[in-house]
Structure formats: structure tokens, C-alpha cells
Amino acid sequence: MKLCKRIVSAAAALFFLVSLCACAAVNGPEAVVATVDGVPVYRWEVDYLYEKNYDYMISMTDVDPENPDHVKVVKEGYLEQLIADTAMNLYAEEQGYGLTDAEKAQVDEEYRQLRENSVANYAKQHGGDTALGEEDYLNNLKEQHLTEEALLQNMYNTAMREKMSADLYASISSSEDAINAYYEMEIESDKELYTDNYSQYEADNAYDSFTVMYHPADYVRFKPIYIAIPKESLDAMAALTTEIAGAKSELAILTMQKGESDYSVLRLKKEIEEKEAAFDTLRAEALQSIRGRAEEVFGRVGSGEDFDALIAEYGDDSGMDVPPYRDYGYLCCEGTAKYYGEIKSAALALQNIGDTSGLIETDGGYFILKLVDKIEKGPRKMTEELHDFIDKSISLPNREDIYNQTAQKALEGREILRYADRLK
């Protein structure tokens, strides 16, 4: 799902923002940018939110990351969120929402599972070596200024706030009629918008967002491992392709003017054939230069190694380095026009989620595809998660009012010191 625009409202922060204040005390002498009743907020916490939401910020807002004034406004907004978040943590505990031993035990188990799964995923990159997987896991926490103790405390705080939120919003819910009316209205709107407009749908649903309620065709999502032809070969092939296209246009005009058997027409046909042969030779040589690498990774895919890890190790597709494609893969249907024909055919031929393709040869290099999702044409199915999303969307103004009132109570009487100049 798309990331929420975190600078829009305090209500969004309550629903989606995980407090990091508990992490700060164990993360060294970083600059304190605020305190709430003596509880510090550190600069790295603001920077963490800024970096975490950077891709969304530059793609979905008007913020210019090269403009110091823009960056200042965004970071000060995050600082205020962290201040409010810290106050809400203090308020929740004061109001008796501290976790019971049983609730803490449940969070402990959630963390144990999270840790176990994370270590296992890292271990796959080391041939299943759990010790190296655990080392990677701990190093990743360290890079984020976290420790295991801080992360667990962060999860306690989140659970405490969710416990309070459940009571705060207990009286707010939309009627089934209102939810169904919203659902049907959005389906009709999106059906009109996306029918025969595949590129718009693919852009809007790149994050598999609930804001897209209608699928205009049967789609698949796939991830590729792309072994690229060397750039100098690609450039030379592109130049030949341009020359061939220009010559064919000239040939069509010349043939109409002088006829099929004219010497100039025959000569131009021969030149085109020679260029096409040169292209085929260059393509074959370029593909041969990367064939060994492509066969190596194909063998590792066949051995069951982690596909995402192999993308990171071998892949030349920059789209796989950033969200949303890194997380969700690429969308493709029969009407999609932006892929090599061989890629589209192979992607649509995959039957079951998790299936992988053979080694696909294209003018750009070799590809191996993995099917990560299948989407049926028609309305997005109503699930419990979608039902809750619509319910919250409809009732958001009321939730925002309640949050703002609660946040105001949480902030009242607190000693809050800000050192925004340290955000630079």
C-alpha cells in the first residue's frame, strides 16, 4: 500500500507513525532536537523519518529536496510529530494504558517471530548460514541507530498506543450502507478512469493501493533478474536501429517514386540488409559476452535460492532497487506496451505465484522472471482489510478531531523545549 503523507495531519501520525522516542536513550550522543518532560527527541529520529519517506515525498508531493527551505519545513514537521508522539506515549501511560504482563508477553512473541524471520531471510544470502544472517540483522539495526532492546521497547509503545486508540475510536464506525455506497462509487469512478487506460492504472496501482478499486484487465505482477548487454553494445545497436528505420522510410518513398526494380531502390534495399546483418552480428556477440553470467544466475534460481537476493547480486534493472517495484514488482497485462514482447509473453505465461521463467533472450539482454501476484479483471474484492480501510476513510474527519483533542490534552502542561536549529 502507498505510504501515507506524513506531513498532512496529526491523525495520520496516530494511525501510522511508530514512535521512535524510546529508541533514543540507547543510541549515543546524537544531538537532542527537543525534549518533552525531559524525554529527548534526537536529530537522527527526524532524519530517519525524512529518509524513510524520501521516495514518497519526491514522487507524491511538491517538496524540492534541493531547496533548503523545503527540507527545513518538512523536518520541522517531523519534529512536531515526534514531540506529539512522545507526549501521547506519556499520556497513554498516565491514563492507565500501560501493558499488562500478558500483553508484553504477546509483544515479546511478535518480536521473536519478526527476528526469526528476518535472520532467516538474511541467512539465505549466505547459503543458509544462520550466524551470518544474525550478524546482518544486528548490523542493519545498528545502521538505523537501533538496538534489540530499543526496538522491543518501541513495539511496547506502539501496542500501548493502539490500546488507547481502540478506546478513543470505539464509538466511531460507519454504517454498512455507507461503506458499500463508498465502495460502489469508487468502483464506478475507477472503471471509467482505467478502462483502456492501462498506463494510468499501472502508475496508480504500483503500490497495490486501496485507492485503486477497479482493475481494467487481468494482470500479473512479476520481478525480473536482468542481465544487461554492455552499454557500448546497446548504444551501437540503438544507432543501427535508428539508421535502419530511417533507411526503410526512405525506401518506401523511393519505391513509390521509381518502382521496385530501379537501381537506387535495389541499392538501398541491399544497404538495409547489410545494416540488419550488422545488427544481428552485434546482438549475437553482445549476448554471448553475458551468456555465462546469465546461465550462472539461472542455475542458482533453479536451485531454489532466494530470488530477491539474486536480483540484488546480479540484476541490472535499477527499478528493482527502489519502491514500489522492489517491493511489488511490475504490472503487466495483454494491453501493456512498455516491455519487450518476449518479456510480456513470458510474464503472462506464468501460472502460479512463485513460478519462475526460463532464460529469456531479448535485444537488451537476458531476463529471468518470477510471478509475485495475479490480479483478476474487475472490482477489487471486498476484504476485511479493505472494509476497515473504507470505514476509516469515511470516518477520518471524526477520528482526526478526536486525535487532535487527545493530542492537545497530551501536550497540555508539558515542558517542551525545541532546538530546531540543530536539524540543519
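Computed from a predicted structure; not experimentally measured.
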side-chain hydrogen bond (donor to acceptor under 3.5 Å, both in side chains) partners for [X], two or more places apart:
X	result
Asn121	none
Glu162	none
Tyr137	Tyr111

In terms of side-chain geometry, is the basic nitrogen of [X] or [Y] positioned less than 4.0 Å from the acidic oxygen of its partner?
X	Y	result
Glu94	Arg414	yes
Lys223	Asp373	no
Lys104	Glu109	no

Answer yes or no: is there a side-chain heavy-atom contact under 4.5 Å between Ile290 and Pro230? yes
Practice problem: For residues Glu202 and Lys338, determine if any side-chain heavy atom of one lies less than 4.5 Å from a side-chain heavy atom of the other. | Solution: yes
Parallel, tilted or perpendicular, judged at 30° and 60°: which one describes the rings of Tyr201 and Tyr219? tilted
How long is the gap from [atom1] on [X] to [atom2] on [Y], to the nearest 0.5 Å?
X	Y	atom1	atom2	answer
Cys332	Leu371	SG	CG	10.5 Å
Arg326	Ile311	CZ	CD1	11.0 Å
Asp136	Glu143	CG	CD	9.0 Å

Is the Tyr214 to Tyr194 ring centre distance short of 6.0 Å?
no
Ignoring hydrogens and angles, state whether a donor on the side chain of Asn205 or Tyr328 is under 3.5 Å from an acceptor on the partner side chain.
-> no
The complete set of side chain to side chain donor-acceptor pair (under 3.5 Å) pairs with one or both residues in residues 295-305, sequence neighbours excluded, reads Arg291-Glu295, Glu296-Tyr314, Arg300-Glu305, Arg300-Glu313, Arg300-Tyr314
So ring pair (Phe, Tyr, Trp, His ring centres under 6.0 Å) across residues 337-360, not counting sequence neighbours, yields Phe222-Tyr339
Residue pairs meeting ring pair (Phe, Tyr, Trp, His ring centres under 6.0 Å), one or both in residues 280-311, sequence neighbours left out, come to none
Could you walk me through whether Tyr48 and Asn53 pass the side chain to side chain donor-acceptor pair (under 3.5 Å) test, one step at a time?
CA-CA 9 Å; Tyr48 175 91; Asn53 296 291; over 6 Å; no
